[in-house]
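First up is the structure itself, then whatever we jot down about it.
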Amino acid sequence: MEIQLLSFGKIAEIITVKHVNIEGISDTDGLKSHLEAQFPELKNVKYKLAVNKLIVQSNTSLTHHATVAIMPPFSGG
Amino acid sequence: MEIQLLSFGKIAEIITVKHVNIEGISDTDGLKSHLEAQFPELKNVKYKLAVNKLIVQSNTSLTHHATVAIMPPFSGG
Amino acid sequence: MSEKKIKNIFVEGAISPQFIAESIAKHSSKTEIGGHGIFLGQVRKDKIDENTVAAIEYTAFEDLALEKMHLIREDIFEKYPLTCMHIYQSLGTVKAGEICLFVFTSSAHRKPAIAACEEVVERLKAELPIWGKEIFEDGSHQWKENK
Amino acid sequence: MSEKKIKNIFVEGAISPQFIAESIAKHSSKTEIGGHGIFLGQVRKDKIDENTVAAIEYTAFEDLALEKMHLIREDIFEKYPLTCMHIYQSLGTVKAGEICLFVFTSSAHRKPAIAACEEVVERLKAELPIWGKEIFEDGSHQWKENK
């Protein structure tokens, strides 16, 4: 299935693609492993995911065309 | 001896004189009694004294020409 | 939470002292207010090794940030008896010495205005998906981290 | 702040938003500042029985107030790592809706700026010999009491 990616801050410099096609992956833990394999630098960054604008606290299932935001620590203000 | 008086806030409406001559009075407790006798309304007001710009915490002796400020509760800001 | 109630907080570039003055002036007709708490964030010209911060470039996940801010706003209005609350966060480039955050809370009495202002600043920094990129004078950059 | 230079804090009449804007703008050259805490006191149009506050008229024992403020300033600079602190208190008449107190503290980081601002406001209200006379719309008055 296809996942839309939104990358922010430092992570926007690591993950430059806007979507990924993942086969056999159905949740955020799977997506994280997939992204960390494809973009090894991601392993050195603390980040959170938001699925369809909801911040993910634990492993969350993904559906086709879900939008996943990959967010390093916030530094507004 | 002569004492200069500075009255502030509500107390400036009660004590309108700028100085008092006190004979046989040598400290702030004596001055308070004297003023409360002369201006009975003063008894209904909470107030502090400052002698020569030093706020008085306990009975303090007075010297000729001392300046005594009579201050109701502060309400700045 | 209804969509129409979500207020924007983002402004492009620095927040000018003039804008702050106009915000303050607008409150003179709200005569039930006795105290305003204001926090202003200003971009520091930090020196890191041999390099100096010239500006911070802010980006945000705007939709999520505004939804989060809306929830914070509701929490704060429930917790404190405020008359009003205004929040402005810069996006884009803000030069060293310029204002990037303006939090403005007003109440009949000083304590809720001051406490609410502080709490909004803390929650905004911790919970809103906003990122600051420190741009150095030589053109290099690093990503800001909040303490 | 070890030298004995006593700064004035009193201004005649209301503090204008424009004055506040100018104070803020002056800090853009102090690029070590990261956060400003500001408190503004505004005169409330309180209703007491059938009467409405039109203005507050402030008087002070100015010499003693400035000496006290100087001590508070020294304490606060000792306690918090501040870049600067500015205090303005109105004397004379300030109409309902106008600003009568402006406390402005700046630091490299937000927490000392915010904490110092709050502490200055509390101490100023408790310790400075200043009195507010609430003038009602019918011309009568009562003396304000701080809570």
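First the proteins, then the strands, lettered A, B, ... as listed; each starts at 1.
Ranked by heavy-atom pairs under 4.5 Å with chain D, the list Ala69(B), Pro72(B), Ala50(B) is led by Pro72(B). Your options are Gly132(D), Ser90(D), Gly41(D), and the one with the most heavy-atom pairs under 4.5 Å with chain B is Gly132(D). Your options are Tyr58(D), Phe102(D), Trp131(D), and the one with the most heavy-atom pairs under 4.5 Å with chain B is Trp131(D).
Here the side chain of Asn146(D) pairs a donor or acceptor atom with the backbone of Gly76(B) at under 3.5 angstrom. With Glu145(D) contributing its side chain and Pro73(B) its backbone, the two residues share no donor-acceptor pair below 3.5 Å.
Looking at Ala60(D), only its backbone comes within 4.5 Å of chain B, counting heavy atoms on both sides. Ile130(D) touches chain B through backbone and side chain together, each having a heavy atom under 4.5 Å away. In this structure, the portion of Glu67(D) lying under 4.5 Å from any heavy atom of chain B is its side chain and not its backbone. Heavy atoms of Leu124(D) lying under 4.5 Å from chain B belong exclusively to its side chain.
Here the straight-line distance linking atom NZ of Lys68(D) with atom CZ of Phe74(B) works out to 7.5 Å at 0.5 Å rounding. Distance NZ/Lys10(B) to NZ/Lys133(D): 12.5 Å, rounded to 0.5 Å. Separating the CG atom in Asp63(D) from the CG atom in Leu6(B) is a distance of 9.5 Å, to the nearest 0.5 Å.
Around NZ of Lys45(D), the count of heavy atoms belonging to other residues, nucleotides or ligands within 6.0 Å exceeds 12. Few gaps surround CD on Glu2(B); more than 12 heavy atoms of other groups in view lie less than 6.0 Å from it. Counting heavy atoms of neighbouring residues, nucleotides and ligands inside a 6.0 Å radius, atom CD of Glu41(B) does not exceed 12 of them.
Contact of the Trp143(D) side chain with the Ser75(B) side chain is not registered, since no non-hydrogen atoms from C-beta on lie closer than 4.5 Å. Counting heavy atoms from C-beta on, the side chains of Phe61(D) and Met71(B) come closer than 4.5 Å. Residues His141(D) and Glu13(B) have side chains in contact (heavy-atom distance under 4.5 Å, counting atoms from C-beta outward). Inter-residue side-chain proximity for Leu54(B) and Leu64(D) is flagged as unmet; no heavy-atom pair is nearer than 4.5 Å.
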